[in-house]
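Worksheet for the structure shown next.
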There are 2 protein chains.
Amino acid sequence: MRADRLKLDDQLCFALYAATNAVTRAYRPRLAEIGLTYPQYLIMLVLWQDGPRTLGAIARRLCLAQNAITPLVDRLEKAGLVTRTRDPADRRVITIALTETGESLHDGAARAQHEVKCETLLDEAELAALRSTLFALVDRMKTETGHADIAHAPAHPAPDLADGG
Amino acid sequence: MRADRLKLDDQLCFALYAATNAVTRAYRPRLAEIGLTYPQYLIMLVLWQDGPRTLGAIARRLCLAQNAITPLVDRLEKAGLVTRTRDPADRRVITIALTETGESLHDGAARAQHEVKCETLLDEAELAALRSTLFALVDRMKTETGHADIAHAPAHPAPDLADGG
DNA sequence: TGTGATTACTTCATGCGTGAGGATTCATAA
DNA sequence: TTATGAATCCTCACGCATGAAGTAATCACA
């Protein structure tokens, strides 16, 4: 075995992959209680925080391609959590807005988020540090790779020192 | 809008999710050149580093359920990169081993890994720090959640100060 | 006015990760 | 020997992310 051989535990990508899987797995059963999957929860987060948004705006916010969002919104719409409205001024655009039912799920989601945050055993400062390191990495990778669909998304703002599961 | 409202950019989970997606996207076209997807690359990493392993051992190493590994190995086998051998002593067990072709892909993978590592714009110390933070998080989440299939996997060793894309 | 490019969204095929369920094999002990 | 339980792997259905391709509406501009 050569010395310059790749090692799994040296890979940042694997650390990220495993950590993301672990956190998502922690969310799964808790979000299932309020009828959400994890990516659906991310869309709800955008709507809870920002209010009604177009499909493209949601995609850019989550650093995903639009065709990843379409079927998620389909399911949220079927579940009665959001509405799709075509903009009369520009009929290409579709605006996604929360229904009252969708709005009402916020507290249950906040409980799930709090529980997962506690499971990480990280304090607020550690959470904030890790978060900002990761968002900075995301911003660099975004401009480097130049993925057509998401390259022009705005950089992540420096988040304040609160929350974070 | 209430003050205790969930905010997307406060969520560690989203930072992880976005960072993992970004890094995986950076790998995708480079791994495609040698005919691998990203999860297939992870399996190859295990085999390059550890040598022949059972299907269950690979799953535990990658913190995944076995049924996630089966179809990956199917594709690697069809591509002629690995072989499946049933253990004659315990016929439940299937050992996965690299073929010469599979072995020969290491250098191309190392090149992809190096390029992605450079794209992160992190130096070795930063890479190592982030990696160990994330692996520590993984270990805590693993024991907390107690996912049946992966709970008893060995803890990640402290990785040395080399490499890491 | 009309032509071509662009934008916003959708559809489809492919590969992945999860949970539920099943088949085979092995270990243990009544 | 047979029954019980556990271990190992596979199959299937579902939801998600990507790339390629398509549709419809809008914009730029000659």
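The structure displayed is predicted, hence computed values, not measured ones. In what follows, chains carry the letters A, B, and so on, assigned in the order in which the sequence lines appear, proteins first and then strands, with residues in each chain numbered from 1.
- The distance between atom CD1 of A:Ile69 and atom C1' of C:dT11, rounded to the nearest whole Å, is 16 Å.
- The separation between B:Ile43 atom CD1 and C:dG15 atom P is 14 Å, rounded to whole Å.
- At whole-Å resolution of the value, CD1 in A:Ile96 and C1' in C:dC9 are 10 Å apart.
- Computed from C1' positions of five pairs at each end, the angle between the two local axes of the helix from C:dT1-D:dA30 to C:dA30-D:dT1 equals 0°, rounded to 10 degrees.
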Could you run through nucleotides 4-10 of chain D and give me one letter per nucleotide, 5' to 3': B if any protein heavy atom sits under 4.0 Å from the base, S if only the sugar-phosphate is that close, - if neither? ---BSBS
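- Protein atom CZ of B:Arg25 is 17 Å distant from nucleotide atom P of D:dC16, rounded to whole Å.
- With rounding to whole Å, A:Arg91 atom CZ is found 13 Å from C:dC9 atom C1'.
- Partners of B:Glu77 by side chain to side chain donor-acceptor pair (under 3.5 Å), not counting sequence neighbours, listed by chain and number: B:Arg84.
- Taking B:Thr54 as the reference, B:Ala57, B:Val93, B:Thr95 meet the side-chain contact (heavy atoms from CB on, under 4.5 Å) condition, with sequence neighbours excluded.
- Summary of the strand contacts: A:Pro71 and B:Leu42 both lie near DNA chain C, and taking for each the nucleotide with the nearest heavy atom, the more 5' one is attributed to A:Pro71.
- Qualifying salt bridge (charged side-chain N to carboxylate O under 4.0 Å, His left out) partners for B:Glu115, counting only residues two or more places apart in sequence or in other chains: B:Arg30.
- Every residue was checked against the side chain to side chain donor-acceptor pair (under 3.5 Å) condition with B:Glu126, not counting sequence neighbours, and none meets it.
- Applying the side-chain contact (heavy atoms from CB on, under 4.5 Å) test to B:Ala79 and every residue at least two apart in sequence or in another chain returns B:Leu81.
- Within the 4.0 Å cut-off from OP1 or OP2 of D:dA17, at least one side-chain nitrogen or oxygen of B:Tyr17 is found.
- Ion pairing of A:Arg5 with A:Asp10 is absent here, as no side-chain N (NZ or NE/NH1/NH2) approaches a carboxylate O to less than 4.0 Å.
- The side-chain contact (heavy atoms from CB on, under 4.5 Å) check on B:Ala110 picks up A:Leu6, B:His106, with sequence neighbours excluded.
- Put simply, CG on B:Asn21 is 12 Å from P on C:dG17, counting in whole angstrom units.
- By the side chain to side chain donor-acceptor pair (under 3.5 Å) test, A:Asp87 is found to be paired with no residue, residues two or more places apart in sequence or in another chain being considered.
- Contact annotation: B:Thr37 reaches the phosphate of C:dC16 (side-chain N/O to OP1 or OP2, under 4.0 Å).
- A:Leu72 comes within 4.0 angstrom of sugar-phosphate atoms only, judged by non-hydrogen atoms across all strands, and of no base.
- Rounded to an integer number of Å, the gap from B:Arg75 CZ to C:dG17 C1' is 12 Å.
- The pair A:Glu124-A:Lys117 meets the salt-bridge criterion, with a side-chain N (NZ, NE, NH1 or NH2) lying under 4.0 Å from an Asp/Glu carboxylate O.
- A:Ala32 comes within 4.0 angstrom of no nucleic acid atom, judged by non-hydrogen atoms across all strands.
- Whole-Å rounding puts the B:Arg28 CZ to C:dT14 P distance at 16 Å.
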